[in-house]
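Report on one structure; see the data block that follows.
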Amino acid sequence: MSALLTGTPLAGRVAVVSGASSGMGAATAVRLAELGASVVALARRRERLESVVKDIEADGGTALALPVDVTDREAVQAAAVEVADRFGTADLVFNNAGVQLISGIEELKVDDWQRQIDLNITGLMNVIAAFLPHLTEAAAHGRPADLINTSSIAATRILEKFSIYSGTKAYISHLTRLLRVELGRKMVRVATIEPGMVDTELPDHVTDPDASKLMADLIHDIDVLQGADVAETVAFMAAVPRHVNLTEITILPTAQAI
């Protein structure tokens with residue numbers, strides 16, 4: 001996707017991006033900074049995170065790397081305090097950290113099940129708990145306020161062996177719909193982005209041969225999404241006028257049929 005937005009429509013915004021050390025998170029952190037936001041990048045991998053921030057700063061942007069495991073509630077809460085101290089109230093949260101571990105249910109890979117629940121659900125909730133007060137405060141002062149959660153088309157597609165991963169993503173998509181009921185009236189925009197096949201490192205975590213082949217074939221056979229495509233979409237969702245909430249965006253490669 002070519003860059004659609006121009007100028008600095010996000011100037012003055014303070015954006016927090018989780019899962020920012022690679023893939024969609026890294027691309028989104030870079031793009032939000034290009035568009036004028038001060039960006040706080042959260043992820044576990046310090047070296048990769050610092051590399052993203054160096055790229056942003058080399059391009060004239062403002063960014064801070066906070067190595068945080070989002071499954072650690074206290075660490076995420078501490079990060080929210082540090083964001084407030086350094087930049088003030090965060091008004092854009094891209095809640096993006098996640099993991100995809102595919103297996104047949106009868107394989108009973110319960111550690112993989114738990115890891116996905118811990119990161120995709122508990123980690124997401126920890127970020128919401130830490131930064132929701134920021135968002136409501138920003139909205140109360142008349143500023144745009146965005147909570148954008150990363151789900152997946154797996155939330156609604158029936159894909160064999162994806163049951164636990166898909167269940168976590170279905171949770172995210174429906175949670176977001178419910179949060180809008182409470183937060184929309186306070187002028188906090190709540191949204192999900194549901195990507196199809198994206199060329200990131202996420203498929204590298206997949207060890208199931210059937211799922212690996214499915215993803216490898218898609219990457220080989222069609223023009224799949226890039227992290228920059230998702231980043232531009234997230235940026236657009238945040239840049240529209242404050243009274244406009246793009247609530248659920250499904251973004252697919254044009255040729256992806258499943």
Applying side-chain contact (heavy atoms from CB on, under 4.5 Å), run through V40 and V17 and close with a yes or a no. CA-CA 6 Å; V40 179; V17 178; over 6 Å; no
Is any side-chain heavy atom of L175 closer than 4.5 Å to a side-chain heavy atom of I128? yes
Minimal non-hydrogen separation, A41 against V53, with atom names: CB-CG2, 4.3 Å
Do V30 and V52 have side chains that get closer than 4.5 Å, going by heavy atoms? yes
Whether D199 side chain and Q226 backbone form a donor-acceptor pair below 3.5 Å: no
Using the rule that Ile, Leu, Val, Met, Phe, Trp and Tyr join whenever any side-chain heavy atoms are under 4.5 Å apart, tell me whether I164 and Y171 fall into a single cluster. no
Is there a side-chain contact (heavy atoms from CB on, under 4.5 Å) between T254 and D223? Walk through the geometry before answering. CA-CA 8 Å; T254 302; D223 189 7; over 6 Å; no
Student check: side-chain heavy atoms of Q256 and V224 closer than 4.5 Å: no
I'd like to know whether R157 forms a side-chain contact (heavy atoms from CB on, under 4.5 Å) with S166, so could you lay out the CA-CA distance, the side-chain angles of the two residues, the decisive distance to 0.1 Å, and finally the verdict. CA-CA 8 Å; R157 270 52 168 192; S166 293; over 6 Å; no
Shortest non-hydrogen pair, A33 vs I56, comes out as CB-CG2, 3.4 Å
Quick check against the 3.5 Å criterion: does E232 have a side-chain atom that pairs as donor or acceptor with the backbone of D229? no
Side-chain contact test, heavy atoms from C-beta onward, threshold under 4.5 Å: evaluate it for R143 versus T89 and give yes or no. yes
To the closest 0.5 Å, what do you measure between CD1 (I249) and CG (L252)? 12.0 Å
Got a donor-acceptor contact below 3.5 angstrom from the T136 side chain to the P133 backbone? yes
Could you tell me which non-hydrogen atom of V230 sits nearest to which non-hydrogen atom of I193, and how far apart they are? CG1-CD1, 3.8 Å
If the threshold is 4.0 Å, N to carboxylate O, is there a salt bridge linking R31 and E34? yes
Quick one: pull up CD1 in I121 and CD in Q114 and give me the separation to the nearest 0.5 Å. 9.5 Å
Value for CG (L124) from OG1 (T168), rounded to nearest 0.5 Å, stands at 9.5 Å
In this structure, are over 12 heavy atoms from other groups packed under 6.0 Å from I158 atom CD1? no
Could you verify whether a donor N or O on one side chain and an acceptor N or O on the other, from E248 and T192, lie under 3.5 Å apart? no
Would you say that V99 contacts R115 through its side chain, given a criterion of any heavy-atom pair below 4.5 Å between the two side chains? yes
Is the count of non-hydrogen atoms from other residues, nucleotides or ligands lying under 6.0 Å from R177 atom CZ greater than 12? yes
Atom OG of S151 and atom CD of E194: how far apart are they, to the nearest 0.5 Å? 4.5 Å
Is there a donor-acceptor contact under 3.5 Å linking the side chains of S21 and R48? no
If hydrophobic clusters are built from ILVMFWY residues whose side chains come within less than 4.5 Å, do M125 and V83 share one? yes
Do T247 and N245 have side-chain N/O donor and acceptor atoms under 3.5 Å apart? no
Side chains of Q116 and N120 only: does a donor on one sit below 3.5 Å from an acceptor on the other? no
Shared hydrophobic cluster for V190 and I172 (ILVMFWY, side-chain gaps under 4.5 Å): yes
Output yes when a side-chain donor or acceptor of D91 lies under 3.5 Å from a complementary backbone atom of V14, and no otherwise. yes
For a quick test of reading the model, state the closest non-hydrogen atom pair linking A43 to A20 and the distance between them. CB-N, 3.9 Å
Are R13 and L32 packed together at the side-chain level, in the sense that at least one heavy-atom pair is separated by less than 4.5 angstrom? no
State whether the number of non-hydrogen atoms from other residues, nucleotides or ligands found under 6.0 Å of D85 atom CG is greater than 12. yes
Using side-chain heavy atoms (C-beta onward) and a distance below 4.5 Å, is T62 in contact with E57? no
T71 to D118 - nearest heavy-atom pair and separation: CG2-O, 3.4 Å
Any side-chain heavy-atom pair from L64 and L66 closer than 4.5 angstrom? yes
With distance as the sole test, does D72 use its side chain to make a donor-acceptor pair with the main-chain N or O of E74 at under 3.5 Å? yes
Between S152 and Q100, does a side-chain contact (heavy atoms from CB on, under 4.5 Å) hold up when you go through it step by step? CA-CA 11 Å; S152 166; Q100 181 184 63; 5.7 Å; no
Distance check, rounded to the nearest 0.5 Å: L147 atom CG versus H134 atom NE2? 13.0 Å
If hydrophobic clusters are built from ILVMFWY residues whose side chains come within less than 4.5 Å, do F87 and L135 share one? yes
Is there a chain of hydrophobic side chains (I, L, V, M, F, W, Y, each step under 4.5 Å between heavy atoms) that links V93 to M187? no
Please find the pair of heavy atoms, one from F131 and one from A79, that lie closest to each other, and give the distance. CZ-C, 4.3 Å
Using only atom types and a distance under 3.5 Å, with no angle test, would you say the side chain of R180 pairs donor to acceptor with the backbone of T176? no
Quick one, E50 with R46, criterion salt bridge (Lys or Arg N to Asp or Glu O under 4.0 Å). Give me CA distance, side-chain angles, the key distance, then yes/no. CA-CA 6 Å; E50 290 177 347; R46 180 184 295 271; 3.8 Å; yes
Quick check for you: to the nearest 0.5 Å, what is the distance between L101 atom CG and Y165 atom OH? 10.0 Å
